[in-house]
Undergrad: 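One structure coming up, written as structure tokens, with questions to follow.
Each chain gets a letter, A, B and so on, in the order its sequence line appears, and its residues count up from 1. The model shown is predicted, which means the values in this text are computed figures rather than measured ones.
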Protein chains: 2
Amino acid sequence: MELSPVMESFVLHWGEMGSRWGLNRTVAQIYALLYIAGRPLPADEIADTLKVARSNVSTSIRELQAWELIERTHEIGDRRDHFVAETDLWTMAARIAEERKRREIDPTLAALARCLSDVRMDDGIGKDAVARIRAMHGFLESASGWYEEIRDLPQSKLETLMKMGAKVARLEAPGKKPKKKKGKR
Amino acid sequence: MELSPVMESFVLHWGEMGSRWGLNRTVAQIYALLYIAGRPLPADEIADTLKVARSNVSTSIRELQAWELIERTHEIGDRRDHFVAETDLWTMAARIAEERKRREIDPTLAALARCLSDVRMDDGIGKDAVARIRAMHGFLESASGWYEEIRDLPQSKLETLMKMGAKVARLEAPGKKPKKKKGKR
DNA sequence: TAGATATTTCAGAAATTACCGAAAGCAGGA
DNA sequence: TCCTGCTTTCGGTAATTTCTGAAATATCTA
């Protein structure tokens with residue numbers, strides 16, 4: 001597939017950014033390519049376009065499937081697998097959030113729980129330190145619980161909630177004026 | 001400072017996790033140490049405890065200050081700088097969120113905006129591809145705007161909002177039963 | 001101002017992570 | 001069953017990131 005300059009720049013930037021999002025560069029570029037292409041592409045065409053090894057594409061596709069960001073499809077008369085990107089951005093964001101929670105929050109929670117259960121066997125730790133570990137565990141757990149509650153909301157409800165957020169910000173915090181413009185940092 | 005087994009495990013796990021959070025391992029360990037210590041520590045004591053080079057501590061502390069996760073303090077009769085961790089977890093989470101937005105969202109938005117402005121000079125790109133770029137830009141911009149609106153809410157309002165989230169989930173989505181237990185994956 | 005201690009900077013070493021290409025593994029069709 | 005086209009795995013290499021130790025800088029005391 002031939003990329004126009006803007007498309008190329010889109011793909012390259014996604015690659016850059018992807019690495020800050022927990023995807024690696026190639027994985028992110030492949031997603032970007034599929035997103036911008038808007039049609040199913042086979043692995044070899046992806047490799048051609050991005051100038052990376054086929055094997056690398058294969059691995060990356062595997063990862064994208066784990067994130068559920070792309071889907072396998074088939075074309076009649078072609079037994080190669082083709083892949084399309086998830087184009088609904090709410091879904092995309094949700095998938096990324098889900099995977100990141102799984103990688104970033106859940107293991108932390110587990111580790112903290114283990115710390116708390118080991119506390120009784122540790123006579124070298126102070127009461128206050130234990131309290132701080134407990135506080136962190138509790139905090140993460142409630143954040144995690146909240147996330148799980150809203151995770152499955154349909155998009156429309158989520159939008160409602162976001163509007164409510166804005167309202168809460170404006171009505172219930174009279175000390176702050178509602179902003180008309182974004183503040184600079 | 002002597003670490004008890006549980007404290008050590010806490011610090012090590014934070015180190016592991018920190019790297020998934022955008023901090024590097026040492027930076028995260030230092031934060032964890034300061035958090036668990038619950039009192040100001042000087043740089044050399046940190047280096048001793050974690051067995052890392054003093055210079056490394058210096059660099060990491062600089063980064064933690066950029067994240068605003070620690071603060072410099074002084075003890076009378078000691079001219080060394082001491083450092084304490086931010087112990088309020090809401091604040092901690094907010095700081096991490098802020099920095100991540102700055103690193104992950106803002107540059108992406110800028111790149112997308114650049115793509116859109118370059119579109120007129122690119123005759124090789126299709127209308128639908130442009131529409132997809134525009135969609136992504138719009139999505140990120142509104143998410144970013146929402147974040148900015150709730151960012152400055154005091155903790156109490158945020159908690160209100162979270163409760164509202166739960167309510168919206170339960171009352172307005174009658175198709176889904178409210179869960180009593182977490183699902184397994 | 002000298003002398004001592006504390007802190008930062010920086011170039012290279014060490015460790016981690018991503019990538020490639022060769023070869024093995026797996027299906028569907030003859 | 002074998003053949004054919006594709007996918008996956010794996011060992012080695014390249015690139016990137018993190019860490020260190022030495023030197024430079026800054027700050028306090030006398």
Side-chain angles (χ1 to χ4, degrees), chain A residues 11-12 14-34 40-67 70-84 99 103-104, chain B residues 1 11-12 14-34 40-67 70-84 99-100 103-104:
Chain A
V11 168
L12 291 178
W14 246 83
E16 288 300 319
M17 285 313 130
S19 38
R20 313 192 173 204
W21 289 49
L23 307 160
N24 83 32
R25 189 155 34 85
T26 314
V27 170
Q29 285 182 359
I30 292 177
Y31 177 78
L33 174 60
L34 291 174
L41 298 179
D44 51 0
E45 194 173 341
I46 296 172
D48 272 11
T49 309
L50 299 181
K51 318 263 194 293
V52 296
R54 264 180 151 83
S55 55
N56 199 1
V57 172
S58 179
T59 313
S60 302
I61 278 178
R62 227 162 158 254
E63 180 150 1
L64 281 169
Q65 285 176 318
W67 287 76
I70 64 174
E71 240 179 34
R72 257 184 18 186
T73 63
H74 293 281
E75 312 269 289
I76 42 168
D78 188 342
R79 54 200 190 79
R80 295 176 301 178
D81 292 343
H82 288 61
F83 301 90
V84 274
E99 186 69 16
R103 296 185 179 195
E104 300 176 1
Chain B
M1 182 179 190
V11 168
L12 291 177
W14 246 83
E16 288 301 318
M17 287 310 131
S19 38
R20 310 191 174 204
W21 290 49
L23 306 160
N24 84 34
R25 188 155 36 86
T26 314
V27 170
Q29 284 183 359
I30 292 177
Y31 177 76
L33 173 60
L34 290 174
L41 298 179
D44 51 359
E45 193 172 343
I46 296 172
D48 271 11
T49 310
L50 299 180
K51 316 269 194 291
V52 296
R54 174 69 185 72
S55 57
N56 199 0
V57 173
S58 178
T59 314
S60 303
I61 278 179
R62 234 162 155 251
E63 179 149 1
L64 282 170
Q65 283 176 319
W67 288 76
I70 64 174
E71 242 179 32
R72 254 185 20 187
T73 63
H74 289 97
E75 311 270 289
I76 41 168
D78 189 342
R79 57 203 185 76
R80 296 174 302 177
D81 291 344
H82 288 60
F83 300 90
V84 273
E99 187 68 15
R100 289 184 83 160
R103 296 184 180 197
E104 299 176 2

Undergrad: Under a 4.5 Å cut-off applied to non-hydrogen side-chain atoms, are A/Ile61 and A/Ile46 in contact?
TA: yes

Undergrad: Which residues pass the ring pair (Phe, Tyr, Trp, His ring centres under 6.0 Å) test with B/Phe83, not counting sequence neighbours?
TA: none

Undergrad: At 10 degrees resolution, what angle do the end axes of the helix from C/dT1-D/dA30 to C/dA30-D/dT1 form when each is taken over five base pairs?
TA: 20°

Undergrad: For a quick check of understanding: with a heavy-atom distance under 4.0 Å over all strands, which category does B/Arg79 fall into, base, sugar-phosphate or nothing?
TA: base

Undergrad: Report the distance from atom NE2 of A/His82 to atom CG of A/Leu34, rounding to the nearest 0.5 Å.
TA: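 If we round to the nearest 0.5 Å, A/His82:NE2 and A/Leu34:CG are 11.0 Å apart.
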
Undergrad: Which value, rounded to the nearest 0.5 Å, describes the distance between B/Glu63 atom CD and B/Leu23 atom CG?
TA: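 Going from the CD atom of B/Glu63 to the CG atom of B/Leu23 covers 6.5 Å.
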
Undergrad: Rounded to the nearest 0.5 Å, what separation is found between the NE2 atom of B/His74 and the CZ atom of B/Arg79?
TA: 11.0 Å

Undergrad: First and last nucleotide of DNA chain D touching chain A, 5' to 3', heavy-atom cut-off 4.0 Å?
TA: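 Range of nucleotides within reach of chain A: D/dT4 to D/dT9.
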
Undergrad: If you find the nucleotide of DNA chain D closest to A/Asp81 and the one closest to A/Arg25, which residue's nucleotide is nearer the 5' end?
TA: A/Asp81

Undergrad: For residues 44-59 of chain B, which residue pairs qualify under side chain to side chain donor-acceptor pair (under 3.5 Å), counting only residues two or more places apart or in two chains?
TA: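 Side chain to side chain donor-acceptor pair (under 3.5 Å) check on residues 44-59 of chain B returns B/Arg39-B/Glu45, B/Asp44-B/Arg80.
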
Undergrad: Heavy-atom nearest nucleotide on DNA chain D for B/Ser60 versus A/Thr59: which residue maps closer to 5'?
TA: A/Thr59

Undergrad: So, taking the atom named CG in B/Asn24 and the one named OG in B/Ser60, what distance separates them when rounded to the nearest 0.5 Å?
TA: 6.0 Å

Undergrad: Counting only heavy atoms not in B/Arg103 (residues, nucleotides, ligands), do more than 12 fall under 6.0 Å from its CZ?
TA: yes

Undergrad: Nearest heavy atom decides the nucleotide; on that basis, is A/Lys51 or B/Asp78 closer to the 5' end of DNA chain C?
TA: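 Residue closer to the 5' terminus by nearest nucleotide: B/Asp78.
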
Undergrad: Just checking B/Arg54: base, sugar-phosphate only, or nothing, at a heavy-atom cut-off of under 4.0 Å?
TA: base

Undergrad: Of all nucleotides in DNA chain C that come within under 4.0 Å of a heavy atom of chain A, which is furthest toward the 5' end and which toward the 3' end?
TA: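 Endpoints of the contacted stretch of DNA chain C: C/dA18 to C/dA22.
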
Undergrad: Applying a 4.0 Å non-hydrogen cut-off, can you work out what A/Asn24 is touching in the nucleic acid: base, sugar-phosphate, or nothing?
TA: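 It contacts sugar-phosphate atoms only.
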
Undergrad: To the nearest 0.5 angstrom, please state how far the CG atom of A/Leu33 sits from the CG atom of A/Leu50.
TA: 5.0 Å

Undergrad: From A/Arg20 CZ over to A/Arg25 CZ, what is the distance, rounded to the nearest 0.5 angstrom?
TA: 12.5 Å

Undergrad: With sequence neighbours excluded, what pairs up with A/Glu104 under the salt bridge (charged side-chain N to carboxylate O under 4.0 Å, His left out) test?
TA: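 By the salt bridge (charged side-chain N to carboxylate O under 4.0 Å, His left out) rule, A/Glu104 matches A/Arg100, B/Arg100.
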
